[in-house]
Amino acid sequence: MNKQNIVTRFPPSPTGTLHIGGARTALFNWLFARHHNGAFVLRIEDTDQARSTKENTEIIIESLKWLGLDWDEGPYFQSQRTEIYNECIEKLLSSGKAYYCHCNPEELERKRIEAKELGLKPKYDGTCRNLDLGKGPGAVVRLKSPLTGRTIFKDLVKGVISIDNDELDDLILQRSDGSFTYNFAVVVDDSKMGITYVIRGDDHVNNTPRQILIYQALGEPIPQYAHLPMILGPDRTRLSKRHGATSVLAYKEMGILPYALLNALARLGWSHGDQEKFSVQELIDLFSLEHVGSSAGIFNMEKLLDLNGKYIREEDDAHLADLLIPFLTNLGCSDLNREKVKAAVGTLKKRSNTLVEMAQGSLFYFKEITYEKQADENFLRPELVELLENLLSDLKGARGFDQKELEKIFSAFLDKYQIKLGKVAQPLRVALTGKTVSPGIFEVMEVMGQETVITRLSHGISYMKGKKNT
RNA sequence: GGUCCCAUCGUCUAGCGGUCUAGGAUAUCGGCCUCUCACGCCGAAGACACGGGUUCGAUUCCCGUUGGGACUACCA
């Protein structure tokens, strides 16, 4: 392999946002280019003017940036390349490799349906193929593709794929409105941009022979192909909106770390022995097409969550705090103290698989609490008032409020009343956090600080007293 | 319908003819740890779609069946 010449590309169509299937295609192209010190090109395929939007283009670019998939060239826009396409059309027309077709679409559609009903192949019948018609209203340009022979190519992940040219019809290159079709624009661009490796979803394998025919008509070299197995929804059908969170940005909003997503996407279809966790650099170092599998797979959300949790656990607190602040703000926290967020993060990273979970789990540090119903009923019981009052007075007298000091205070307290920690920890937890589930009670108290602990415990005690009276 | 592609635990996968009583991860279940919940650790259960070949020997190679997917547009 000539390492100097490797050029890959990612050509999203802005008719939708970037979903995880597209992201994985982008990732594999990017990894392949980076691994071989090649170039990675970004091209926006907006030839479908009716469905392409600027917003989608922006979302796609934002998604790629968030994932850290940077490109060396582009973004190119197909909508700005009509001159190039026109030149190529001219070339094909003048060399007799393409022709004008005046058949009207309704007629064609009718013939297609007829052919289907007869059990025949619904392909273009070649009416205008040899008529040598000129340009005219409603005319399209079609490729004059070979009637016989086979088109064969060696796919880098699927092996040799061969299809009878008879299966292919004279596909439209330029529409009657002057715009260009996907298959044509792709070939022209890949060729002009010097793309050497086309790595894409295997929903394109059937397009490949058609595209090869266009390369041949153009007299341009054919790139290497690698068709990736598709990512399917849980119902084993093509991934779409109805499968829920498929857009890359939705994962960002969920509190997934970009490199965790990348890792999960890489493992869907690619493997390196038994290894599950890869840094981005490892991915670049180890990636190769030989280890890309050939069967379609379902994206496993649970595994992503687990992986994300692992990354969260090993991320440093300060960085996590910065990432967490926007999520806390979203949940209504304001005037956040970064140091306190950092301390809170330290107590929650082991119990959070996403930043959203972490934000929710740490809310009691930053906002007023309310008691959860079950927690209230089970633990804020009036008979505990005296015990908690004694504890409160010990806590008021505490000289320090770090975990070590608190453990000492509790140890003495427990000894004095001959009780287990469990007896007092749960009611205290509810008084401090409103919930029965939280980080370790000493951690919580240290991060919360003596003042808040005393305030909340006092409030809890008077609340319990209130119950006694009713 | 036609063409093309695919087929190992629920899911993601390792396996490139003997090393497979099929390995890892995740999810599930049990245990340990323990102030709750997690984390961590230990353990359990769980798969080669089916049928023919080829071979001394098939999860691995070939064919067929079944099942799934994609494509079959003046969408990409």
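Labels below follow one simple rule: chain letters A, B, ... track the order of the sequence lines, proteins then strands, and each chain is numbered from 1.
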Practice task
Assign A:Thr15 to base, sugar-phosphate, or nothing according to its heavy-atom contacts below 4.0 angstrom with the strands shown.
Solution key: nothing
Please give the distance between the C1' atoms of B:A58 and B:G53 as a whole number of Å. 12 Å
Please verify the inter-ring angle class for A:Tyr251 with A:Phe299; under 30° counts as parallel, over 60° as perpendicular, anything in between as tilted. perpendicular
Students often get this wrong, so: under 4.0 angstrom with heavy atoms, is A:Ser438 touching a base, only sugar-phosphate, or nothing?
base
Considering only heavy side-chain atoms of A:Glu167, the closest of B:G15, B:C74, B:G2 is B:G2
Query - N/O (side chain, A:Lys303) to phosphate O (OP1/OP2, B:U13) under 4.0 Å - result: no
Atom CD of A:Glu276 and atom C1' of B:G23 are separated, to the nearest Å, by 12 Å
Atom CG of A:Leu307 and atom P of B:G24 are separated, to the nearest Å, by 18 Å
Picking from B:A70, B:G1, B:A7, the nucleotide nearest the side-chain atoms of A:Pro122 would be B:G1
Per atom distances to the A:Asp274 side chain, the nearest of B:C71, B:G24, B:C74 is B:G24
Under 4.0 Å between any heavy atoms, over every strand shown, what does A:Arg112 touch: base, sugar-phosphate, or nothing? Just pick one. sugar-phosphate
Taken to the nearest whole Å, OH/A:Tyr225 to P/B:C5 is 16 Å
Assign A:Ile441 to base, sugar-phosphate, or nothing according to its heavy-atom contacts below 4.0 angstrom with the strands shown. base
Worksheet item: A:Ser294 near the nucleic acid: base, sugar-phosphate alone, or nothing, with a heavy-atom cut-off under 4.0 Å?
Response: sugar-phosphate
With the side chain defined as heavy atoms from C-beta on, A:Arg267 is closest, among B:G10, B:A76, B:G24, to B:G24
In this structure, is the centre-to-centre distance between the rings of A:Phe287 and A:Phe28 below 6.0 Å? yes
> Base, sugar-phosphate alone, or nothing: which one does A:Gly233 contact when heavy atoms must sit under 4.0 Å apart?
Replying inline: nothing
Which part of the nucleic acid, if any, lies within contact of A:Arg210, taking any heavy atom under 4.0 Å across all strands shown: a base, the sugar-phosphate backbone alone, or nothing?
-> sugar-phosphate
Among the nucleotides B:A76, B:G24, B:C74, whichever has the atom closest to the side chain of A:His204 is B:A76
Spacing of the P atoms in B:A25 and B:A14 (rounded, Å) = 15 Å
Next item on the list: Can you tell me, in whole Å, how much space there is between the P of B:A44 and that of B:A49?
Entry: 25 Å
Honestly, is A:Arg81 close enough over A:Phe77, meaning NZ or CZ under 6.0 Å from the six-membered ring centre and within 45° of the axis?
no
note: A:Tyr124, atom OH; B:U72, atom P; distance rounded to Å ~ 19 Å
_I'd like the C1' distance from B:A47 over to B:G30, given in whole Å._
22 Å
Would you kindly check whether a donor in the side chain of A:Lys158 faces an acceptor in the base of B:C5, or vice versa, at under 3.5 angstrom? no
Item to complete: Looking at every strand, decide which applies to A:Gly297 at a 4.0 Å heavy-atom threshold: base, sugar-phosphate, or nothing.
Response: sugar-phosphate
Step-by-step side-chain hydrogen bond (donor to acceptor under 3.5 Å, both in side chains) determination, A:Asn165 to A:Thr151: CA-CA 6 Å; A:Asn165 288 340; A:Thr151 295; 2.5 Å; yes
A:Leu432 atom CG is separated from B:U36 atom P, nearest whole Å, by 16 Å
Q. Is the phosphate of B:C4, meaning OP1 or OP2, less than 4.0 Å from a side-chain N or O of A:Ser162?
A. no
Atom CD1 of A:Ile231 and atom C1' of B:C12 are separated, to the nearest Å, by 11 Å
Per atom distances to the A:Leu232 side chain, the nearest of B:G69, B:A7, B:C39 is B:G69
From CG of A:Asn206 across to P of B:U3 the rounded distance in Å is 12 Å
To the nearest angstrom, the CD-P distance between A:Glu302 and B:A25 comes to 16 Å
Among the nucleotides B:C74, B:U72, B:C39, whichever has the atom closest to the side chain of A:Lys350 is B:C39
- Message: Using a 4.0 Å heavy-atom cut-off, does A:Arg429 contact any base of the nucleic acid, only the sugar-phosphate backbone, or nothing at all?
- Response: base
_Using the C1' atom as the point on both nucleotides, what is the distance between B:C74 and B:A70, in whole Å?_
22 Å
Item to check | Any A:Thr47 side-chain N or O less than 4.0 Å from OP1/OP2 of B:A76 | outcome: yes
Exercise for the section: Under 4.0 Å between any heavy atoms, over every strand shown, what does A:Asp169 touch: base, sugar-phosphate, or nothing? Just pick one. Expected result: nothing
Note to self: Given 3.5 Å as the limit, does a donor-acceptor pair link the side chain of A:Asn29 with the main chain of A:Thr25, or not?
What the structure shows: yes
Discussion item. What's A:Gly269 touching, base or sugar-phosphate or nothing? Going by heavy atoms closer than 4.0 Å.
Written reply: sugar-phosphate
**Message:** I'd like the C1' distance from B:U3 over to B:C20, given in whole Å.
**Reply:** 37 Å
When we call it a touch if two heavy atoms are under 4.0 Å apart, what does A:Ser352 touch: a base, just sugar-phosphate, or nothing? nothing
Record whether the side chain of A:Arg351 comes under 3.5 Å of the base of B:C37 through a donor-acceptor pair of N or O atoms. yes
Considering only heavy side-chain atoms of A:Ile161, the closest of B:C12, B:C5, B:G40 is B:C5
(message) Classify A:Pro439 by what it touches in the nucleic acid, base, sugar-phosphate, or nothing, heavy-atom distance under 4.0 Å.
(response) base
Q. On a plain distance test, is the side chain of A:Asp306 in donor-acceptor contact with the base of B:A27 below 3.5 Å?
A. no
TODO: Decide yes or no on side chain to side chain contact (heavy atoms under 4.5 Å, CB included) for A:Phe366 and A:Leu331, but give the supporting numbers first.
DONE: CA-CA 10 Å; A:Phe366 310 106; A:Leu331 292 174; over 6 Å; no
Per atom distances to the A:Leu421 side chain, the nearest of B:U26, B:C74, B:C35 is B:C35
Requested in this report: Please check if atom CD in A:Glu282 has more than 12 non-hydrogen atoms from other residues, nucleotides or ligands closer than 6.0 Å.
Outcome: yes
Among B:C74, B:A76, B:C6, the one nearest any side-chain atom of A:Ser295 is B:C6
Quote, to the nearest angstrom, the P distance that separates B:C42 from B:U13. 26 Å
Under 3.5 Å, is there a donor-acceptor pair between the side chain of A:Gln450 and the main chain of A:Leu395?
-> yes
Might you confirm whether atom NZ of A:Lys423 has over 12 heavy atoms from other residues, nucleotides or ligands at distances under 6.0 Å?
no
Could you give the distance separating B:C29 and B:U19 at their C1' atoms, to the nearest angstrom? 32 Å
